[in-house]
Amino acid sequence: MEAAELVPGQPIRILASDREVTRLGESVFRTGAVAEEALKATCAVLARMATLYRRLDVVGVRAVATSAIRDTRNQRDFQARAAEALGAPVEIISGREEARLIQLGVESVWPQAGKRTLILDIGGGSAEIVAAEGGRLREAFSKPLGAVRLREIFLKDDPPLPRQLHQMREYIQDKMVSAVQRLGHTGWERVIATSATAAAVANTVARAPRSRRDEVDRLRITTARVRELYERIAELNLAGRRKIRGIGPRRAEIIVPGVAVLLEFLREFHLPALYYSRAGVRDGIIADLAARNVGAEMARLSREQRHEVEAMCVRYGVPLEHAREVVHISNLLFAALQPLHGLPPACGKLLEAGACLLDVGHFVSSVGHHKHSYYVVSNSDLPGFTNREREQIANLCRYHRKSMPTPVHHAYQALGAEERRVLLMLVPILRLADNLVRGHDHRIQGIDCRLRDGEVVLQVHARGDIDLEQWGAERAGEVFRQIYSRTISVTKVKE
């Protein structure tokens, strides 16, 4: 389990991490089904982990099951009971999806821009071989070469007999051949191994305990060192393997087949060395959730709320296309400036509604239309919003231009202290969005935010020049500086 905080423009911050081996595959590879004991143990672990991440008030969860559950005949029973324990759906992913998440995880932790990369991940039931180029997945292979699976199939004795080791090696080579033929031996600029097996090898080579495996991240490991380690552990029994620094008592049970896969991978691809990366599927899931903008829906109006707000726009003659563009820019700014305003996602809904309704006052008069917008919104029936929310939205419309709130503004003073604070944080964002929408050609496609030395730099992805938008941002800049104590500038990203 891993829980992380995702803030636009900032590195991912891990809030909690937990790991416990339950060996689902042992019974699956022996009998074809997850044993009741293993299922109960796994559900207990999932329930404990769920308690941990719920305390963090997470907005998105993805739970995946891999090779062992892909193969088990009691899939439905496992999924139902695991999901009940976790309080979230449990998804059985394909080998290719597992490979995609592994590559995404590595890329998020250790970017490989411009490099042709080969990745090997050795799990309990399968091994994923992934080829990437320029940070993007090119090809992926999922092979039944997991360490637990191979031990159950081949290594019946301890220490394993030479014949058993030979049979296992032949099997590994046979399963790898298609990937080798497809991908070729040459041209790999970076070769990376992930997973607990690779961590154990890296720790052993570095003579580091398992507790310090993050310290061996990105360690270069030669094929000669892997071969030496394999020859050593293949002759030892379990007690002997447990004495090797860096392997650990549970990993010692399956380290022989795990290292065998790693060694054959190096041999088959004619590789002199590889690097260990601590990244894996969990990191890939988090990066994928971030890319999907999971949780952003909490800052967006519901379908029903949006329908009511837009219907009100139409009723008061506001051009809907223009209103939607202001909403779009407001949403981008709310997300991009989150490190600065620190407001909860629900405040984004107020901003979105205000962005859509700020011009309804033109129906009354274009002179002082912001005041008329306040009157119209505050006195309208707005289903889907509480009375307090409607009043905050009306105040946003009131202050989207001209003067900021003062002690003599009774509607503002009628708000609660926290409501006033939220309003003051949202008004500069709303003014900025309104001033960035110039004309009707929808030039702005995206916005990134960079905070540096007391300045906010908005990097705009746009079609054509943004001279008018930059002028508009300057108009809104003084209020932004008053509230956030930072200057603001707008630059265009060179595509």
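Position 1 is the first residue of the sequence, and the numbers go up from there. Keep in mind that the numbers below use all heavy atoms, side chains included, and drop hydrogens, waters and symmetry copies.
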Closest heavy-atom contact between [X] and [Y]?
{"X": "His322", "Y": "Val437", "value": "CE1-CG1, 3.5 Å"}
{"X": "Ala147", "Y": "Ile122", "value": "N-CG2, 4.3 Å"}
{"X": "Ala88", "Y": "Val61", "value": "CB-CG1, 4.1 Å"}
{"X": "Ile92", "Y": "Arg70", "value": "CG2-CG, 3.8 Å"}
{"X": "Leu340", "Y": "Met425", "value": "O-CE, 4.3 Å"}
{"X": "Gln79", "Y": "Val90", "value": "NE2-O, 2.8 Å"}

[atom1] of [X] to [atom2] of [Y]: how many Å apart, nearest 0.5 Å?
{"X": "Arg420", "Y": "Tyr412", "atom1": "CZ", "atom2": "OH", "answer": "5.5 Å"}
{"X": "Leu46", "Y": "Glu20", "atom1": "CG", "atom2": "CD", "answer": "10.0 Å"}
{"X": "Leu430", "Y": "Leu350", "atom1": "CG", "atom2": "CG", "answer": "11.5 Å"}

Report yes or no: does [X] contribute a side-chain atom to a donor-acceptor pair with the main-chain N or O of [Y] at less than 3.5 Å?
{"X": "Thr22", "Y": "Thr42", "answer": "no"}
{"X": "Glu2", "Y": "Ser17", "answer": "no"}
{"X": "Glu352", "Y": "Leu301", "answer": "yes"}
{"X": "Asn435", "Y": "Leu432", "answer": "no"}
{"X": "Arg390", "Y": "Ser380", "answer": "yes"}
{"X": "Thr72", "Y": "Val28", "answer": "no"}
{"X": "Gln305", "Y": "Ser302", "answer": "yes"}
{"X": "Ser366", "Y": "His362", "answer": "no"}
{"X": "Gln112", "Y": "Trp110", "answer": "yes"}
{"X": "Arg13", "Y": "Glu5", "answer": "no"}

Have [X] and [Y] got a donor and an acceptor in their side chains that come within less than 3.5 Å?
{"X": "Glu455", "Y": "Ser489", "answer": "yes"}
{"X": "Asp121", "Y": "Thr194", "answer": "yes"}
{"X": "Glu128", "Y": "Ser142", "answer": "yes"}
{"X": "His409", "Y": "Tyr399", "answer": "yes"}
{"X": "His370", "Y": "Arg401", "answer": "yes"}

Worked verdict on Phe334 versus His341 for ring-ring contact (aromatic ring centres under 6.0 Å, His included): CA-CA 8 Å; Phe334 184 79; His341 62 67; 4.5 Å; yes
Of Val377, Val360, Val364, Leu357, which meets side chain to side chain contact (heavy atoms under 4.5 Å, CB included) against Tyr316? Val360
Taking ring-ring contact (aromatic ring centres under 6.0 Å, His included) as the cut-off, I'd like each qualifying pair that reaches into residues 64-92, sequence neighbours left out, listed once. none
Could [X] and [Y] be called an ion pair, given the rule that one side-chain N must be under 4.0 Å from one carboxylate O?
{"X": "Glu469", "Y": "Lys492", "answer": "no"}
{"X": "Arg62", "Y": "Asp288", "answer": "yes"}
{"X": "Glu139", "Y": "Arg182", "answer": "yes"}
{"X": "Glu310", "Y": "Arg324", "answer": "yes"}
{"X": "Lys115", "Y": "Glu107", "answer": "no"}
{"X": "Arg81", "Y": "Glu84", "answer": "no"}
{"X": "Asp18", "Y": "Arg48", "answer": "yes"}
{"X": "Glu189", "Y": "Arg116", "answer": "no"}
{"X": "Arg300", "Y": "Glu297", "answer": "no"}

Do Asp217 and Ser277 pass the side-chain contact (heavy atoms from CB on, under 4.5 Å) test, and can you show the C-alpha distance, the side-chain angles, and the key distance before you say yes or no? CA-CA 5 Å; Asp217 186 39; Ser277 173; 4.0 Å; yes
Among all residues two or more places apart in sequence or in another chain, which pass the side-chain contact (heavy atoms from CB on, under 4.5 Å) test with Arg220? Thr222, Ala273, Tyr275
Does atom OH of Tyr484 have more than 12 heavy-atom neighbours, drawn from other residues, nucleotides or ligands, at distances under 6.0 Å? yes
Looking at Asp57, I'd like to know if its CG atom is crowded, meaning that more than 12 non-hydrogen atoms belonging to other residues, nucleotides or ligands lie closer than 6.0 Å. no
Which donor-acceptor pairs under 3.5 Å do side chains of residues 391-398 form with protein atoms, sequence neighbours excluded?
{"from": "Glu391", "atom 1": "OE2", "to": "Tyr374", "atom 2": "OH", "distance (Å)": "2.5"}
{"from": "Asn395", "atom 1": "ND2", "to": "Glu391", "atom 2": "O", "distance (Å)": "3.0"}

For Ile192 and Leu274: C-alpha separation, side-chain torsions, deciding distance, then whether side-chain contact (heavy atoms from CB on, under 4.5 Å) applies. CA-CA 5 Å; Ile192 297 171; Leu274 50 70; over 6 Å; no
